[in-house]
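Encoded as structure tokens, the structure appears first; notes follow it.
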There are 2 protein chains.
Amino acid sequence: MSSSKVLKAKSAPRENYHHGDLEAALLEAAVNLVRVNGPDHLSLRAVAEQVGVSPSAVYHYFPDKDSLISALGDQLFIKMSEMQRVAVGGIRGTSARAARLRYREIGRTYFRWANSEPNLFRLMFGGFCKIEKRGTHESEEAFLMLSKCLDDLLATGVITATMRRYGELISWTAVQGASTLIIEGILPEEAFEELLDGLELAMRGGAK
Amino acid sequence: MSSSKVLKAKSAPRENYHHGDLEAALLEAAVNLVRVNGPDHLSLRAVAEQVGVSPSAVYHYFPDKDSLISALGDQLFIKMSEMQRVAVGGIRGTSARAARLRYREIGRTYFRWANSEPNLFRLMFGGFCKIEKRGTHESEEAFLMLSKCLDDLLATGVITATMRRYGELISWTAVQGASTLIIEGILPEEAFEELLDGLELAMRGGAK
DNA sequence: TGGGTATCTGAATAGTGTTCAGATTATGGG
DNA sequence: CCCATAATCTGAACACTATTCAGATACCCA
């Protein structure tokens, strides 16, 4: 199945027995394999082999294969919320225009992440990583970012107070759902910008 | 891992060599296993064993394990759109109230399906089944049902013409996303009804 | 320097998807 | 009715997987 041999870890190609910090190297190797082969079809042995270590070595850092995947999921949630912070931070200003751009950019970043790395997105939201308390925490951070963005929209008079109440929920779920439906080939890619148009319009109105 | 032995296929417990129609029996066994163990962790051998057949027999009906899963996905898409038809058909009348109830019921049925069988939902939308042309077809059928429902809402003056344009996209993606986020434990279950409230409100307004 | 400990290996077990030669049964034509 | 042919299923094999554990290795601190 594996047509081309991948090179070992870049940080420590052939160190003496003890590998600097395996845990990180394993996660890095795993994320690359998942990206290519999907969250199912991840092989523990392949991860170990790519790092240049015995399969058994993995079990000193993760009790399970599923635990490795869960840890990977946590890492991806953090990475994703960092991308959001960068994206929204890149648009400055207190004008209504800036607030609207920020709103759209939050959604776009979410979708771009999903669309550029579908297999990682599937890992995060496909029931692979058992979220106990960690993942929820990171998700709430992204949620707060969206919440703050909607506050700006309300302050600048772009959205109504009524829709402010439901804006978070609708925006988040719609962007999440669109990401899934598009990467699974059920919705066309162009649908996403259209969705953003619709969402912005919906946020404007909504009063009885 | 398997604590309790499951009984053989009900239709033909121990027929003579040739099993009436395997393909259906295999799919039925597979859907039960996926429901319990998740779309990953599905074992071809376990499917064969539950039907009471050799593992090799599967390959006369499906070239692959992934093909079996894809076929299962197709079946689930059909089943889901049938549930939608039943749900929306149960609410009759041309009043605005009936139209609103239908709108909510479409979303609820979608979510109820996801929430009651999370592993089947994950199979459908988690990148397991490679949709070529089939899955899209069934999805479009469900899409048309929602579309017709929105037409009723427009005709009875519940929603504005502007939001009619984006209503399908927003509603579908939001319900899809909420289903995912809730079954993965990221959003609380109560959020769904709140989302429906918000969606209904959003459909009402939206005009500039 | 030596002892203790964290780290990693090698081999073994049980289970997986997949292939293929051959056994078994159904089916249709004489 | 019987036989040849085709469809269906089995058994064993291969390469691969996760997981366990006794033991080898290298680091670190006393």
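What's counted below: heavy atoms across the whole structure, side chains too, no hydrogens, waters or symmetry copies.
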For A/Y103, the ring-ring contact (aromatic ring centres under 6.0 Å, His included) test, sequence neighbours excluded, returns none

- Message: Suppose we screen for ring-ring contact (aromatic ring centres under 6.0 Å, His included). Which residues come up paired with B/Y166, at least two apart in sequence or across chains?
- Response: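 Scan of B/Y166 (ring-ring contact (aromatic ring centres under 6.0 Å, His included), adjacent residues dropped) gives none.
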
For [X] and [N], what is the distance between atoms [atom1] and [atom2] respectively, to the nearest whole Å?
X     : N      : atom1 : atom2 : value
B/L22 : C/dT25 : CG    : C1'   : 14 Å
A/L68 : D/dT19 : CG    : P     : 10 Å
B/D21 : C/dA26 : CG    : P     : 15 Å
B/L33 : C/dT16 : CG    : P     : 11 Å
A/Y59 : D/dA22 : OH    : P     : 17 Å
A/F62 : D/dT19 : CZ    : C1'   : 16 Å
B/E49 : D/dC9  : CD    : P     : 17 Å

(Q) Looking at the base of D/dT20, is there any donor atom on it, or on the side chain of A/S56, that sits under 3.5 Å from an acceptor on the other one? (A) yes

Review point. With respect to the side chain of B/S54, which nucleotide from C/dT9, D/dC9, D/dT10 is positioned closest?
Key: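 Of all the options, the side chain of B/S54 is nearest to D/dT10.
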
Which nucleotide wins on minimum distance to the side chain of B/D64, given the candidates C/dC20, C/dT18, D/dT19?
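Between C/dC20, C/dT18, D/dT19, the one nearest the side chain of B/D64 would be C/dT18.
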
B/P188 meets the side-chain contact (heavy atoms from CB on, under 4.5 Å) criterion, sequence neighbours left out, with B/E190, B/A191

Which comes earlier along DNA chain C counting from the 5' end, the contact point of B/D66 or that of B/H60, where each point is its nearest nucleotide?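 Taking each residue's closest nucleotide, the earlier one in sequence belongs to B/D66.
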
With the criterion being N/O to N/O and under 3.5 Å, what pairs connect the protein with nucleotides 13-17 of chain D, and how long is each?
unit_1 : atom_1 : unit_2 : atom_2 : d
D/dT17 : OP1    : A/S43  : OG     : 3.2

Side chains of B/S147 and B/E168 only: does a donor on one sit below 3.5 Å from an acceptor on the other?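 Yes, side-chain donor-acceptor contact under 3.5 Å.
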
request  = List the steps and the verdict of salt bridge (charged side-chain N to carboxylate O under 4.0 Å, His left out) for B/D152 and B/R100.
outcome  = CA-CA 9 Å; B/D152 290 351; B/R100 280 176 49 202; over 6 Å; no

*How is A/Y61 classified with respect to the nucleic acid when contacts are heavy atoms under 4.0 Å: base, sugar-phosphate, or nothing?*
sugar-phosphate

Anything under 3.5 Å between a donor and an acceptor, one on a side chain of residues 51-59 of chain A, the other on a protein residue two or more places apart or in another chain? List them.
unit_1 : atom_1 : unit_2 : atom_2 : d
A/S54  : OG     : A/S56  : N      : 3.3
A/S54  : OG     : A/S56  : OG     : 3.4

### Query
Can you list the residues that meet the salt bridge (charged side-chain N to carboxylate O under 4.0 Å, His left out) rule with B/D151, with sequence neighbours excluded?
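B/R164.
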
